[in-house]
Amino acid sequence: MSGIPGEEHDELRTISEPMDDPTGPAPLFVLRVTAGKDNGKSKVLDWNATPRVLVGQSQVSDLVLDDARVSRRHLAFAPDGHLVRVTDLGTTNGTRIGGVRIVDARLEGGESITIGGTTLRLVRAGTLPDGPPARGKFGRVLGRSHEMQRVMALAERVVSSPLPMLLEGEAGTGKQLLAEAIHDGGARALGPFIIFDASAHTGDEQLSLLFGREQPGAIEQASGGTLVIDEIGDLTEAAQARLVPVIERGQLQRVDASGSARVDVRILATTRRDVERLVQDGTFREELLYRLAGLRLEMPPLRARHGDVDLLARHFWTLYGGTGELPKSFALSLARYEWPGNVRELEHAVARRIASGDDSSSFQPPARPSSSPRGGDYIDEVLERNLAMPHARQIVLHEFETRYVEQAIAAHGGNVSRAAAASGLTRRYFHMLRAKPKPEGGPVKKPR
């Protein structure tokens, strides 16, 4: 670790260089508690079994500490080549290594880490056992990077489990696609596969569509198969409470109390949000997180999937009917971009290139929105009306969906099938978005 002479740093990022050959066998690390009430506890960091290890007071942490000065969710450890990346999760009391408060650090083993009244030591303990043979795909999920090899190997292990599962990751990383591959690879493959988007519905509509009223909801429709609850962090408090007995006992109660039913459904929940933080903020039920977090996988962002941009770009080039090989100059420009929108953004970029017939030599990143506090946009107009948040959200979401569909169709020369495919949506759902009525109370759309 290093600092700048003459300057004091309360928070900094530290990077340690590896001491050995990064192409050799990956080291096995053990995290040990060497001081504090939990002295003697330890946790093996087996990246073949889990892609991330959490440390904190919460019972869903992988290493649970009895220390009042440690946050419920304090540290995260993850592999970074032959190093270990340790990240402070926005804690109040912070994390210190060598007396220096860190935000994010790469460690090689031998370091002591202080959190609250507890000291942890990261120790090398030999090498990791060989994982399963390398594979390039899992269902429709593609990837040859080490990061994706771990994800696919872990997913392969749990396909036949009846347990619920939490799939985490940034927007556009492919969480729904991974859920589909888990369903297709397991014993429920012949059963229904239903996706419920919690972010698209609020209040009573959300309850009715998920749990049913006069008609079966998404849970009953998925009985015998798999239900994906997309963006589970957006479930209302009432929906969260009703979901607990479904997961715990397979017992469903319809919203109108017209009856209860036994359901046999595996629930895979996806989220781009920090669910433990939602628990701390009081907006997500801890008992629901306990029941979902027995199995959890984190999809890495595309920028962390070394070498996968080229693999995916070639796949999308073929999928959308690109002529010949992916142009080298275009491929190089794709590899240099950070892809904040992840795999979905890459797919759209390749699809747009093919649809437009653009023969320019490189990919041009899209312009990012202005950071000015007030742009006079549609959202500002909605906010000025002082509507209830659920109503305002429906109006803004409808406007986004409308603009997105219009732009996608225009980009594909009016071909709805290709526009839907490039958007990652089924043709049926794409048509539904086109026909969706506008909520009442929104601003009048101005000509664009």
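Sequence positions, counted from 1, serve as the residue numbers for this chain. Keep in mind that this is a model prediction, so the values were computed, not measured.
Side-chain contact between Ile97 and Leu107: present, with at least one pair of heavy atoms (C-beta onward) separated by less than 4.5 Å. Using a 4.5 Å heavy-atom threshold, the side chains of Ile232 and Leu292 count as touching. Leu268 has its side chain out of reach of Leu227: every pair of non-hydrogen atoms, C-beta onward, lies at least 4.5 Å apart. No side-chain heavy atom of Leu89 sits under 4.5 Å from any side-chain heavy atom of His74. Side-chain atoms of Arg150 and Trp47, non-hydrogen and from C-beta on, do get closer than 4.5 Å to each other. Annotation: side chain of Arg96 is not in contact with side chain of Val100 (no heavy-atom distance under 4.5 Å). Val246 is listed as a side-chain neighbour of Val263, based on a closest heavy-atom distance under 4.5 Å. Using a 4.5 Å cut-off on side-chain heavy atoms (C-beta onward), Leu167 and Met299 make no contact.
Contacts of Arg277 classified as side chain to side chain donor-acceptor pair (under 3.5 Å), with partners at least two apart in sequence or in another chain: none. When the salt bridge (Lys or Arg N to Asp or Glu O under 4.0 Å) test is applied to Asp62, no partner is found at least two apart in sequence or on another chain. Partners of Glu248 by side chain to side chain donor-acceptor pair (under 3.5 Å), not counting sequence neighbours, listed by chain and number: Arg291. Looking at residues two or more places apart in sequence or on another chain, you find no ring pair (Phe, Tyr, Trp, His ring centres under 6.0 Å) involving Tyr290. Residues satisfying the salt bridge (Lys or Arg N to Asp or Glu O under 4.0 Å) criterion with Arg144, sequence neighbours excluded, are absent altogether. Among residues two or more places apart in sequence or in another chain, the side chain to side chain donor-acceptor pair (under 3.5 Å) test is passed with Gln221 by none. In this structure Asp308 satisfies the salt bridge (Lys or Arg N to Asp or Glu O under 4.0 Å) test together with Arg305, sequence neighbours excluded. Remark: Arg314 pairs with Asp310 by the side chain to side chain donor-acceptor pair (under 3.5 Å) rule, at least two apart or across chains.
Taking each heavy atom of Arg101 and Thr92 in turn, the nearest pair found is NH2-O, 3.5 Å. Closest non-hydrogen pair, Leu295 versus Ser161, comes out as CD1-OG, 3.7 Å. Scanning all heavy atoms of the two residues, the minimum distance from Gly139 to Ala181 falls at CA-CB, 4.0 Å. The two residues Val141 and Met152 come nearest to each other via the heavy atoms O-SD, 4.0 Å. Considering all non-hydrogen atoms of both residues, Phe29 and His82 come closest at CZ-O, 3.8 Å. In terms of heavy-atom proximity, Trp317 sits nearest to Arg353 at CZ3-CG, 3.9 Å.
For the atom pair Leu166 CG and Leu297 CG, the distance stands at 9.0 Å (nearest 0.5 Å). Within the model, atoms CD1 of Ile115 and OG1 of Thr91 stand 8.5 Å from one another, a figure rounded to the nearest 0.5 Å. With rounding to the nearest 0.5 Å, the separation of CG in Leu235 from OG1 in Thr202 is 11.5 Å. The distance from atom OG1 of Thr95 to atom CD1 of Ile113, rounded to the nearest 0.5 Å, is 8.0 Å. Between Met148 atom CE and Leu312 atom CG the span is 8.5 Å, to the nearest 0.5 Å. In this structure, CD1 in Ile194 is found 11.5 Å from CG in Leu210, a value given to the nearest 0.5 Å.
Counting only residues at least two apart or on different chains, the ring pair (Phe, Tyr, Trp, His ring centres under 6.0 Å) pairs with a member in residues 170-193 are His183-Phe193. Sorted by first then second residue, the salt bridge (Lys or Arg N to Asp or Glu O under 4.0 Å) pairs that include residues 194-207, not counting sequence neighbours, are Asp204-Arg213. Screening residues 166-185 for salt bridge (Lys or Arg N to Asp or Glu O under 4.0 Å), with sequence neighbours left out, gives Arg52-Glu168, Arg140-Glu180, Glu168-Arg296, Glu170-Arg303. Residue pairs meeting the salt bridge (Lys or Arg N to Asp or Glu O under 4.0 Å) criterion with at least one member in residues 219-232, sequence neighbours excluded: Glu220-Arg254, Glu231-Arg272.
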For this session: Evaluate side-chain contact (heavy atoms from CB on, under 4.5 Å) for Ile267 paired with Ile247, printing each intermediate quantity in order.
Result: CA-CA 8 Å; Ile267 293 177; Ile247 296 175; 3.7 Å; yes
For this session: Check step by step if side-chain contact (heavy atoms from CB on, under 4.5 Å) holds for Phe77 and Leu31.
Result: CA-CA 10 Å; Phe77 292 84; Leu31 190 62; 3.6 Å; yes
For this session: Might you work through the side-chain contact (heavy atoms from CB on, under 4.5 Å) test for Leu243 and Phe211, ending with a clear yes or no?
Result: CA-CA 9 Å; Leu243 190 58; Phe211 297 93; 4.3 Å; yes
Exercise. Step by step, would you call Leu75 with Thr87 a side-chain contact (heavy atoms from CB on, under 4.5 Å)?
Worked result: CA-CA 6 Å; Leu75 288 179; Thr87 305; over 6 Å; no
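Checking side-chain atoms of Ser61 against main-chain N and O of Leu63 turns up no donor-acceptor pair under 3.5 Å. In this structure a side-chain-to-backbone donor-acceptor pair under 3.5 Å is present from Asn342 to Ala171. Under the 3.5 Å distance criterion, the side-chain polar atoms of Gln240 are matched with a main-chain donor or acceptor of Thr283. Not one N or O on the side chain of Gln176 forms a donor-acceptor pair closer than 3.5 Å with the backbone of Ile195. Side-chain atoms of Glu276 do not come within 3.5 Å of backbone N or O of Arg73 as any donor-acceptor pair. Not one N or O on the side chain of Asp67 forms a donor-acceptor pair closer than 3.5 Å with the backbone of Gly116.
Counted within 6.0 Å of NE2 on His146, heavy atoms from surrounding residues, nucleotides or ligands total 12 or fewer; the atom is thus considered open. Open room surrounds CD on Gln407; 12 or fewer heavy atoms of other groups in view lie less than 6.0 Å from it.
Here Asp264 does not pair with Arg266 in a salt bridge; the nearest charged N to carboxylate O distance is not below 4.0 Å.
Note on ring orientation: taking the six-membered ring where Trp is involved, the planes of Trp339 and Tyr337 are perpendicular (angle over 60°, cut-offs 30° and 60°).
Tested against Thr236 for a side chain to side chain donor-acceptor pair (under 3.5 Å), the candidates Gln206, His201, Arg242 yield a single pass: Gln206.
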